[in-house]
Amino acid sequence: MAGAEASGGGSGARGSIDYRSAAFRAAYPKASALPASTTPEVAILGRSNVGKSSLLNALFGRKSLAHVSSTPGKTASINFYEVDGVVFVDLPGYGFAKVSNAERAAYGALISGYFEDERSHNLVVQLIDIRHDPTALDEESVGVLEELGLPFVIALTKADKLSRSKALAQRTRVAARFDLEPERVIVTSAAKGTGIAELKRAIAEACL
Ligand SMILES: Nc1nc2c(ncn2[C@@H]2O[C@H](COP(=O)(O)OP(=O)(O)OP(=O)(O)O)[C@@H](O)[C@H]2O)c(=O)[nH]1
Ligand SMILES: [Mg+2]
């Protein structure tokens, strides 16, 4: 961290984040192990397999810095990446049916432990699969963010699986469902790079 402070110092009136500096920092198996938060944080939240790690890689412009799982439910820790003085947090996915109750409880505790910790929660990116309406767990997750008063945007993932017109219709639907301005719902595809620039703008606005 000291090195990052030295090289990334004097942030002040920067206009953008240099994603080329993205680096893995640490994996925390328990929320109680999290270090104190000293820099802006952007958390990536969503159900298992929704595309959290893939979206992080798309933001970072890297193929596999964040581990993309062939088997869902495998990001079992809170993973920190540091990008130009901003911490990106890859959270475990919720809602994967095939994990044990004990594992599910542990993932839930990690997620709520992270959000309830006193940190610089600059932005939460809530991921929802563009092909399906929000699940009950997605609704619960957004409800928690609203309850805790955390700033968030929704990223609809895997837009390459739908036509442009269907993707835009789903954006309108999801925005209406959560009573959000349409700008807070971003259509993305990690595979095609769709929406990454728009998401980066939202992140810069929240962090710089
Ligand atoms: N077509 C398409 N597939 C995607 C996209 N993003 C992710 N995927 C696929 O979806 C699967 C899950 O992606 P991950 O990025 O590992 O999802 P995750 O949310 O990190 O999953 P967990 O860590 O297990 O919770 C992988 O097979 C990815 O290749 C996308 O934009 N388009
Ligand atoms: Mg993952």
Side-chain angles (χ1 to χ4, degrees), residues 19 22-31 41-83 87-115 123-132 134-138 140-142 144-145 152-164 166-168 170-171 174 185-200 202-203:
Y19 283 86
F24 175 74
R25 277 275 167 238
Y28 302 99
K30 283 193 212 150
E41 287 185 11
V42 177
I44 311 295
L45 175 67
R47 75 162 172 72
S48 181
N49 213 39
V50 70
K52 297 176 293 299
S53 302
S54 300
L55 192 67
L56 278 173
N57 285 328
L59 284 168
F60 300 160
R62 300 277 280 276
K63 277 264 178 281
S64 54
L65 184 58
H67 183 67
V68 174
S69 19
S70 43
T71 38
K74 286 303 171 205
T75 304
S77 51
I78 299 176
N79 294 339
F80 275 27
Y81 299 85
E82 191 171 328
V83 186
V87 171
F88 283 72
V89 182
D90 193 7
L91 291 164
Y94 53 77
F96 181 51
K98 286 183 193 156
V99 299
S100 68
N101 283 340
E103 281 175 299
R104 191 168 307 125
Y107 291 7
L110 272 173
I111 297 168
S112 51
Y114 171 76
F115 285 120
L123 189 68
V124 181
V125 183
Q126 165 76 56
L127 272 52
I128 296 177
D129 192 317
I130 199 161
R131 295 169 294 177
H132 312 290
T135 65
L137 286 174
D138 291 331
E140 198 183 300
S141 181
V142 171
V144 168
L145 297 177
F152 72 94
V153 291
I154 291 178
L156 298 176
T157 61
K158 310 190 186 184
D160 54 285
K161 301 268 196 185
L162 289 187
S163 68
R164 172 115 183 110
K166 285 204 169 133
L168 291 177
Q170 189 62 7
R171 173 191 217 170
V174 171
V185 181
I186 302 172
V187 173
T188 71
S189 162
K192 291 277 162 65
T194 313
I196 300 304
E198 196 180 341
L199 184 55
K200 283 184 174 175
I203 292 169

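Note that ligands are numbered from 1 as they come in the structure, with each ligand's atoms numbered from 1 the same way. Below, all heavy atoms of this structure are taken into account, side chains as well, without hydrogens, waters or symmetry copies. This is a predicted model, so every value here is computed, not measured.
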Pick, from S54, G93, S48, A76, the option with the minimum heavy-atom distance to atom 15 (O) of ligand 1.
-> S54
Contacting atoms of ligand 1, where contact means under 4.0 angstrom from a heavy atom of G51 | 7 (C), 13 (O), 14 (P), 15 (O), 17 (O), 18 (P), 19 (O)
Part of N49 within contact of ligand 1 (heavy atoms, under 4.0 Å) | both
Report, in ascending order of atom number, the atoms of ligand 1 lying under 4.0 Å from any heavy atom of S189.
-> 31 (O)
Full working for side chain to side chain contact (heavy atoms under 4.5 Å, CB included) between F88 and F60 = CA-CA 10 Å; F88 283 72; F60 300 160; 4.0 Å; yes
Checking heavy atoms under 4.0 Å, the part of K192 that sits near ligand 1 is neither
Is any N or O atom of H67, backbone or side chain, closer than 3.5 Å to an N or O atom of ligand 1?
-> no
Give every residue pair that meets the salt bridge (Lys or Arg N to Asp or Glu O under 4.0 Å) criterion with at least one member in residues 188-197, sequence neighbours excluded.
-> none
Look at the N, O or S atoms of S53, main chain and side chain alike, and state whether any lies under 2.8 Å from the Mg ion (ligand 2).
-> yes
Cationic N near anionic O, under 4.0 Å, R47 to D129 | yes
Can you list the ligand 1 atoms lying under 4.0 Å from a non-hydrogen atom of A191?
-> 30 (C), 31 (O), 32 (N)
Is there a donor-acceptor contact under 3.5 Å linking the side chains of Y28 and N79?
-> no
Side-chain donor-acceptor contact under 3.5 Å, N57 with S54 = no
Can you list the atoms of ligand 1 that are under 4.0 Å from a heavy atom of D160?
-> 1 (N), 2 (C), 30 (C), 31 (O), 32 (N)
Just which atoms of ligand 1 are under 4.0 Å from any heavy atom in K52?
-> 15 (O), 17 (O), 18 (P), 19 (O), 20 (O), 21 (O), 22 (P), 25 (O)
Which of these passes side-chain contact (heavy atoms from CB on, under 4.5 Å) with L156: L127, V50, V174, L162?
-> V174
Are side-chain N/O atoms of D90 and S53 paired as donor and acceptor at under 3.5 Å?
-> yes
